[in-house]
Amino acid sequence: MYPRLVGYAFRFTKEKASAADIVQDSFVKLWQQRNRINIEHSLNAYLFRTVRNLSLNHIRDNAYEQPGLDPSMIEDMAQGKEADQVNDM
């Protein structure tokens with residue numbers, strides 16, 4: 001599970017260390033909210049969604065460090081387009 005989540009985060013961040021940090025933060029978030037969340041369907045889906053959201057937050061928060069990043073790319077990814085689809089545009 002962990003390698004797949006890191007790979008997924010890497011597709012957004014293009015930085016292995018950031019991707020690993022995002023996945024770790026996702027597990028920490030899950031643990032901290034374990035008594036409040038009710039995962040009725042799939043833990044995998046919950047974790048992948050959390051990794052996606054944290055990855056998009058990371059990109060948004062660090063956009064000034066990525067000179068070629070167009071802010072509309074972040075909006076496209078937030079609307080469901082995958083990172084590699086956005087980069088192909």
Side-chain angles (χ1 to χ4, degrees):
M1 169 70 71
Y2 179 81
R4 288 180 52 213
L5 290 168
V6 171
Y8 185 61
F10 181 79
R11 289 173 57 192
F12 291 99
T13 65
K14 306 297 187 221
E15 300 171 346
K16 189 170 184 172
S18 295
D21 288 345
I22 288 168
V23 172
Q24 180 176 350
D25 291 345
S26 298
F27 280 106
V28 168
K29 186 175 181 176
L30 174 65
W31 182 255
Q32 290 172 337
Q33 297 179 3
R34 68 189 179 277
N35 294 325
R36 289 181 279 168
I37 59 175
N38 182 16
I39 301 172
E40 295 179 12
H41 299 286
S42 170
L43 178 59
N44 285 351
Y46 176 85
L47 286 170
F48 273 95
R49 177 61 66 163
T50 302
V51 166
R52 176 182 174 272
N53 291 342
L54 291 177
S55 295
L56 292 174
N57 290 347
H58 172 80
I59 291 169
R60 183 196 62 226
D61 295 344
N62 296 297
Y64 67 91
E65 295 175 6
Q66 299 176 6
L69 184 65
D70 178 3
S72 65
M73 291 171 59
I74 298 169
E75 183 63 32
D76 289 341
M77 287 187 279
Q79 292 177 1
K81 294 182 182 177
E82 293 296 329
D84 24 341
Q85 291 174 334
V86 173
N87 290 334
D88 291 340
M89 296 179 137

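In this chain, residues are counted from 1 in sequence order. What you see is a predicted model; the values in this text were computed from it and never measured.
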Could you give the side-chain donor-acceptor pairs of residues 17-30 under 3.5 Å, partners two or more places apart or in another chain?
{"unit_1": "Ser18", "atom_1": "OG", "unit_2": "Glu15", "atom_2": "OE1", "d": "2.6"}
{"unit_1": "Ser26", "atom_1": "OG", "unit_2": "Ile22", "atom_2": "O", "d": "3.0"}

With hydrophobic residues grouped by side-chain heavy-atom distances under 4.5 Å, do Leu43 and Val51 end up in a single group?
yes
For Phe10, which residues count as a ring-ring contact (aromatic ring centres under 6.0 Å, His included) partner, sequence neighbours excluded?
none
For Phe12 and Ile59, which heavy atoms make the closest approach, and how far apart are they?
O-CD1, 3.4 Å
Going from CZ on Arg49 to CG on Leu47, what distance comes out if it is rounded to the nearest 0.5 angstrom?
12.5 Å
